[in-house]
Amino acid sequence: MKLLNEMELCFESRSSNESFARSAVAAFIAQLDPTVSELNDVKTAVSEAVTNCVVHAYKNTIGRITIQVRLMEDGQVVLKIRDRGCGIEDVHKAMEPLYTTAPGEERAGLGFAVMQSFTDQVQVRSVVGKGTTVTLKKRLSRRVSNG
């Protein structure tokens, strides 16, 4: 499928940047004219992915989070949220609902489950000590012509 547009955003892993990330992604995908519901789904999934980076990838330090967004001609949005943090030892286990590596911080362990419920596809690749890339795919109901 043909690429319509793409952007990349890099920022520090501060919790205050979570709202910035979701707003920036929402503004970018607005060119595909998503429904309010679709827009909220993407924003929620981005929030969860960025929060995972802040809370788990870098723990008590500040690192870089990169978000790449690709808009496809067929209305699909492909988002990659990448960190260079501690990585995930067992991705399959981490994706189980209610599993958390930060139980003392009152985390529900639902980040990946939320991402899965608000997108069409979630893929996680991680290497311990090198970081994690979460790829989210969501097909929007509306399409735009290449302009």
Side-chain angles (χ1 to χ4, degrees), residues 1-59 62-88 90-102 105-127 130-147:
M1 188 49 50
K2 185 177 175 189
L3 176 69
L4 287 177
N5 202 356
E6 67 181 330
M7 70 99 167
E8 189 169 284
L9 180 66
C10 188
F11 52 92
E12 290 187 334
S13 61
R14 299 179 187 280
S15 58
S16 58
N17 285 334
E18 178 270 330
S19 62
F20 164 70
R22 65 185 276 142
S23 296
V25 169
F28 187 73
I29 70 168
Q31 62 194 284
L32 289 182
D33 195 23
T35 65
V36 170
S37 177
E38 291 168 336
L39 194 59
N40 286 333
D41 289 354
V42 171
K43 288 168 63 176
T44 300
V46 168
S47 290
E48 291 296 330
V50 169
T51 297
N52 276 358
C53 295
V54 171
V55 172
H56 302 290
Y58 295 112
K59 299 201 190 311
I62 299 296
R64 306 291 281 176
I65 300 170
T66 303
I67 299 179
Q68 178 190 55
V69 184
R70 298 173 57 113
L71 306 179
M72 309 308 286
E73 188 176 53
D74 66 349
Q76 182 168 250
V77 177
V78 180
L79 304 107
K80 289 189 179 189
I81 298 91
R82 185 179 72 236
D83 67 67
R84 297 290 182 223
C86 65
I88 301 170
D90 185 342
V91 171
H92 182 73
K93 181 88 173 155
M95 292 183 76
E96 290 178 7
L98 305 179
Y99 176 81
T100 182
T101 60
E105 297 181 21
E106 299 179 20
R107 300 287 170 185
L110 294 172
F112 287 121
V114 169
M115 286 180 240
Q116 289 171 323
S117 68
F118 286 100
T119 62
D120 300 323
Q121 183 180 356
V122 176
Q123 180 182 14
V124 181
R125 292 195 176 153
S126 190
V127 177
K130 302 239 183 217
T132 302
T133 300
V134 174
T135 303
L136 307 171
K137 294 182 179 179
K138 173 86 173 171
R139 185 170 314 279
L140 305 179
S141 59
R142 300 181 185 179
R143 293 172 180 79
V144 295
S145 62
N146 191 3

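Scope of the values below: all heavy atoms of this structure, side chains included, with no hydrogens, waters or symmetry mates.
How far NZ of Lys80 is from OG1 of Thr133: 7.5 Å, rounded to the nearest 0.5 Å. For the atom pair OG1 (Thr44) and CE (Met115), the distance works out to 11.5 Å, reported to the nearest 0.5 Å. The CD atom of Glu48 lies 11.0 Å from the CD1 atom of Ile81; values are rounded to the nearest 0.5 Å. To the nearest 0.5 Å, atom CZ of residue Arg82 and atom OG1 of residue Thr132 are 11.5 Å apart. Interatomic distance, CG of Leu32 versus CG of Leu140, reported as 5.5 Å (0.5 Å rounding). Distance CZ/Arg84 to OG1/Thr66: 7.0 Å, rounded to 0.5 Å.
Residues Asn40 and Phe118 form no side-chain contact, since every pair of their non-hydrogen atoms from C-beta on lies 4.5 Å or further apart. Met72 places a side-chain heavy atom less than 4.5 Å from the side chain of Leu3. In this structure the side chain of Val54 never reaches within 4.5 angstrom of the side chain of Glu18, judged on heavy atoms. Here the side chains of Val50 and Asn17 are not in contact, with every heavy-atom distance at 4.5 Å or above. Residues Ser13 and Asp83 have side chains not in contact (no heavy-atom distance under 4.5 Å, counting atoms from C-beta outward). Taking the side chain as every heavy atom from C-beta outward, Ile29 and Val42 approach each other to under 4.5 Å. Looking only at side-chain heavy atoms (C-beta outward), Glu12 and Arg64 come within less than 4.5 Å of each other. Contact check for Met7 versus Leu9: side-chain heavy atoms found under the 4.5 Å cut-off.
Each of Asp74, Asp120, Thr119 was checked for a side chain to side chain donor-acceptor pair (under 3.5 Å) with Arg139, and the lone residue meeting it is Asp74.
Side-chain atoms of Ser117 come within 3.5 Å of backbone atoms of Val114 as a donor-acceptor pair (strictly under, hydrogens ignored).
Ala21 and Ile67 make their closest contact through CB-CD1, 3.8 Å (heavy atoms, listed as atom of the first residue, atom of the second, distance).
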Practice item. Under the side-chain contact (heavy atoms from CB on, under 4.5 Å) rule, what do Val134 and Asn52 come out as? Steps first, then yes or no, please. Key: CA-CA 10 Å; Val134 174; Asn52 276 358; over 6 Å; no

